[in-house]
Q: 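I'd like to ask you about the structure that follows.
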Amino acid sequence: MLTLKQIYDDKELVIAGLEKKRFSGAREAIDNVIALDQERKNAQQKKDSASQEMNSIAKEIGRLMGAGKRDEAEAAKAKTAQLKADIKTYEQEMAAAEERQTQALLQIPNVPYSIVPEGHSAEDNIAVKVGGWAYGEALKPLEQSAEQAFSAEGNGIALRDWPAAEDPQPAFAKLPHWELAKKYNLIDFDLGVKISGAGFPVYIGQGARLQRALINFFLAEAANAGYTEIMPPTVVNAASGYGTGQLPDKEGQMYHCEVDDLYLIPTAEVPVTNLYRDVILDEQELPIKNCAYTECFRREAGSYGKDVRGLNRLHEFSKIEIVRIDTPEHSDRSHKEMLAHVEGLLQKLELPYRILRLSGGDMSFTAALCYDFEVYSEAQKRWLEVSSTSNFDTYQANRLHCRYRRQEDKKVQIAHTLNGSALALPRIVAALLENNQTEEGIRIPKALQPYFGAEMIR
RNA sequence: GGAAAGUUGGCGGAGUGGUCGAUCGCGGCGGUCUUGAAAACCGUUGACCCGCAAGGGUUCGGGGGUUCGAAUCCCUCACUUUCCGCCA
């Protein structure tokens with residue numbers, strides 16, 4: 001949630017930012033938070049002075065008792081009854097205002113950075129970089145450096161202006177991955193339905209080995225980039241869900257074990273970020289760079305249709321997540337390093353990709369700046385999202401109470417948190433299978449071969 | 001699942017109704033000494049909220065209660081440890 005300091009210091013900027021995020025009633029919501037804060041302060045001041053008086057009377061009674069002056073002590077006691085009632089009233093007022101304020105703050109999304117494009121849908125997202133993609137002249141400007149691409153000055157193409165591609169004529173009919181999975185006996189969707197339900201595929205033989213190869217490849221790449229591997233629990237308590245913001249809003253998206261009141265994680269972000277809940281880090285420990293492979297569980301309530309075909313949308317899938325915690329001064333640099341890392345993975349996998357800067361209206365509730373990575377699937381003729389890499393600024397850390405002690409003045413500051421997928425497996429597998437199919441079999445990218453142990457799936 | 005014992009500041013560990021935000025040790029920070037470092041010695045050192053400040057309030061696992069006054073007593077919840085049971 002937003003900090004009160006942000007709201008008091010930059011009220012107009014906050015309101016403008018919320019409007020960019022298509023949050024209706026931004027001004028009213030912010031004014032309401034401020035009003036509730038004043039209410040709380042008033043109650044606290046009244047409570048504090050009543051408490052002060054009470055404390056001094058109690059101390060006086062202690063002294064009188066010690067001196068054996070019982071009568072005077074009894075007289076002093078008589079004065080406390082009204083005070084006591086007052087304190088209780090003020091405390092209740094204070095708690096009520098505080099609670100309403102927190103509730104109000106929880107309804108307000110994060111403020112996007114200035115670099116975030118205006119817009120209200122995916123059409124307004126801007127492609128800032130395209131790689132491994134052979135389409136014509138229109139995309140030339142996107143062969144730009146990361147420095148340009150991830151700055152306000154760089155070039156970009158709004159998706160609404162995305163050039164119509166001429167279909168390259170394949171030498172043979174390209175199959176979608178669900179057919180390839182069957183042809184090469186890699187994944188059995190029907191068996192998954194039998195033992196669990198739709199959206200729980202069973203990977204078999206070379207299909208299972210491909211999963212393991214990708215997991216190991218991604219973890220090894222992350223380790224090379226300096227990330228510490230974490231193997232967290234995949235079941236978490238409610239406090240963790242609140243910490244990273246899955247609760248209360250997205251409760252319906254998580255599987256919930258009611259008897260123990262535990263949730264299956266929808267992403268490793270939840271346990272790995274919550275490692276730092278209620279923690280005060282030393283500035284020298286920053287940036288924290290963690291990575292984790294976990295299974296991720298999503299109920300995907302309400303999804304249907306062709307989007308969910310095959311591996312496109314699952315209830316359980318494997319993902320390697322990178323999580324960073326950094327200072328406000330360095331979080332943007334951290335973010336860029338994460339983007340470079342994810343881009344490097346896609347390059348090594350020789351997949352056509354584009355990097356989108358999400359518009360205000362398409363970003364998640366909690367993000368301040370978010371880039372999506374998409375890979376092109378030749379047989380499905382569509383782009384598939386494989387990573388979302390975000391900077392949450394202080395929004396998540398404020399709720400988590402994740403702070404750090406600043407080196408120069410020893411002051412405790414709210415940290416910045418960031419995370420991104422590096423990468424989610426299913427759609428990578430879909431794109432690999434579809435894009436690399438040949439008449440002889442499916443070609444495994446060179447970088448992956450040592451992990452897979454073969455050059456082809458036959 | 002049954003039984004018992006615990007939960008105190010960054011860590012260890014005192015404290016069973018009054019001046020206790022909490023003895024002490026370690027660690028951290030500042031200083032003396034030293035060419036430098038170590039040792040020794042001196043000082044300092046939690047978080048949150050209100051306040052321009054002075055200062056005040058809250059906080060001893062969470063919540064509630066008793067009392068003029070609670071780290072200390074009572075209730076309740078959570079967690080931890082040990083033993084028993086079960087078990088990969």
Side-chain angles (χ1 to χ4, degrees), chain A residues 1-9 33-102 104-105 231-243 247 256-263 271 274-286 288 295 325 394 397-415:
Chain A
M1 57 197 207
L2 294 177
T3 63
L4 287 169
K5 186 168 162 45
Q6 283 173 289
I7 291 172
Y8 279 117
D9 289 355
V33 167
I34 291 173
L36 288 169
D37 192 45
Q38 292 308 323
E39 207 176 295
R40 193 202 97 248
K41 285 180 185 178
N42 287 341
Q44 175 165 358
Q45 277 164 4
K46 286 189 283 183
K47 194 221 95 181
D48 282 359
S49 66
S51 292
Q52 187 186 356
E53 199 176 340
M54 187 69 146
N55 288 341
S56 71
I57 293 175
K59 279 188 182 172
E60 179 60 20
I61 291 173
R63 265 191 297 271
L64 294 170
M65 299 287 256
K69 300 177 180 169
R70 295 205 81 92
D71 294 346
E72 287 181 47
E74 286 304 320
K77 278 189 198 183
K79 291 191 289 187
T80 61
Q82 185 57 43
L83 265 179
K84 206 172 169 179
D86 289 348
I87 289 172
K88 192 153 198 166
T89 307
Y90 298 145
E91 273 177 348
Q92 281 165 355
E93 278 177 27
M94 193 175 140
E98 207 166 359
E99 174 61 19
R100 283 195 292 150
Q101 185 185 48
T102 302
L105 277 170
M231 192 177 273
T234 46
V235 174
V236 298
N237 57 29
S240 296
Y242 282 100
L247 292 175
H256 184 206
C257 310
E258 287 186 23
V259 276
D260 297 303
D261 194 23
L262 294 170
Y263 295 84
N274 271 283
L275 257 26
Y276 303 93
R277 170 153 47 88
D278 297 323
V279 166
I280 300 177
L281 293 154
D282 251 329
E283 185 170 352
Q284 293 120 301
E285 299 176 74
L286 302 176
I288 299 282
E295 288 298 290
I325 297 174
T394 55
N398 187 34
R399 208 195 288 204
L400 275 171
H401 298 298
C402 172
R403 295 166 297 171
Y404 72 101
R405 195 176 297 281
R406 205 199 272 153
Q407 189 63 26
E408 63 169 307
D409 59 4
K410 308 291 175 198
K411 283 272 194 319
V412 175
Q413 301 288 317
I414 301 177

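Per chain, numbering begins at 1; letters A, B, ... match sequence-line order. No experiment lies behind these values; they were computed from the predicted model shown.
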Q: Rounding to the closest angstrom, what is the interatomic distance between B:rA3 and B:rC11 at atom P?
A: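 It comes out at 32 Å once rounded to the nearest Å.
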Q: For nucleotides B:rC29 and B:rG10, find the distance between their C1' atoms and express it as a whole number of Å.
A: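 Those two atoms are separated by 13 Å.
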Q: Base, sugar-phosphate, or nothing: which does A:Ile61 touch, judged by heavy atoms less than 4.0 Å apart?
A: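 Here A:Ile61 touches the bases of the nucleic acid.
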Q: When you compare B:rC48 with B:rC60, how far apart are their C1' atoms, in angstrom units rounded to a whole number?
A: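 Between the two C1' atoms, the distance is 15 Å.
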Q: For A:Arg405 and B:rG10, is the shortest distance between a side-chain N/O and OP1 or OP2 below 4.0 Å?
A: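 The answer is no; no side-chain N or O of A:Arg405 sits under 4.0 Å from OP1 or OP2.
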Q: The side chain of A:Ala58 lies closest to which of these nucleotides: B:rC68, B:rC48, B:rC50?
A: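 When the side chain of A:Ala58 is considered, B:rC68 is the closest of B:rC68, B:rC48, B:rC50.
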Q: What contact category does A:Lys79 fall into here, base, sugar-phosphate, or nothing, at under 4.0 angstrom with non-hydrogen atoms?
A: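 Here A:Lys79 touches no strand at all.
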Q: With a 3.5 Å cut-off and heavy atoms only, can you find an N or O donor on one side and an acceptor on the other between the side chain of A:Asp48 and the base of B:rG56?
A: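 By the distance-only test, yes, there is a pair.
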Q: Answer with base, sugar-phosphate or nothing: what part of the nucleic acid does A:Lys59 contact at a heavy-atom distance below 4.0 Å?
A: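 No contact.
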Q: Report yes if at least one side-chain N or O of A:Asn55 is closer than 4.0 Å to OP1 or OP2 of B:rU58; otherwise report no.
A: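 Indeed, a polar side-chain atom of A:Asn55 lies that close.
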Q: Name each donor-acceptor pair under 3.5 Å that joins a side chain in residues 40-48 of chain A to protein atoms two or more places apart or in another chain, with its distance.
A:
{"residue": "A:Arg40", "atom": "NH1", "partner": "A:Asp37", "partner atom": "OD1", "Å": "2.5"}
{"residue": "A:Asn42", "atom": "ND2", "partner": "A:Gln38", "partner atom": "O", "Å": "3.4"}
{"residue": "A:Gln44", "atom": "NE2", "partner": "A:Asp48", "partner atom": "OD2", "Å": "3.4"}

Q: Of A:Ser51 and A:Val412, whose nearest nucleotide on RNA chain B comes first from the 5' end?
A: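 Going by which nucleotide is closer to the 5' end, it is A:Val412.
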Q: Return the minimal non-hydrogen interatomic distance between A:Arg405 and A:Ile280, and the atom names on each side.
A: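 A:Arg405 and A:Ile280 have their closest heavy atoms at N-CG2, 4.1 Å.
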Q: Remember a base hit wins even if backbone is also touched, and classify A:Gln44 as base, sugar-phosphate or nothing at under 4.0 Å, heavy atoms.
A: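 It contacts base atoms.
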Q: Quick check on B:rG65: is either OP1 or OP2 less than 4.0 Å from any side-chain nitrogen or oxygen of A:Lys88?
A: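 Result: yes.
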Q: Rounded to whole angstrom units, what separation is found between the CD atom of A:Glu98 and the C1' atom of B:rG63?
A: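 Atom CD in A:Glu98 sits about 15 Å away from atom C1' in B:rG63.
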Q: Would you tell me whether A:Thr89 and A:Asp86 have side-chain atoms, one donor and one acceptor, within less than 3.5 Å of each other?
A: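 Note: A:Thr89 and A:Asp86 side chains miss the donor-acceptor criterion.
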Q: Looking at B:rC68, B:rC48, B:rG56, which one has an atom nearest to any side-chain atom of A:Lys77?
A: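 Closest nucleotide to the A:Lys77 side chain: B:rC68.
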Q: So does A:Lys88 pair up with A:Glu91, basic N to acidic O under 4.0 Å?
A: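 No salt bridge links A:Lys88 with A:Glu91.
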Q: Would you indicate, yes or no, if B:rG69 has its OP1 or OP2 atom less than 4.0 angstrom from a side-chain nitrogen or oxygen of A:Lys84?
A: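 So the side chain of A:Lys84 is within the cut-off, an N or O lying under 4.0 Å from OP1 or OP2 of B:rG69.
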Q: Go nucleotide by nucleotide along RNA chain B from the 5' end; which of A:Ile280 and A:Ser49 gets its closest nucleotide reached first?
A: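 Checking each residue's closest nucleotide, the 5'-ward one belongs to A:Ile280.
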Q: With respect to the side chain of A:Met54, which nucleotide from B:rG57, B:rC68, B:rG51 is positioned closest?
A: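 Comparing B:rG57, B:rC68, B:rG51 against the side chain of A:Met54, the answer is B:rC68.
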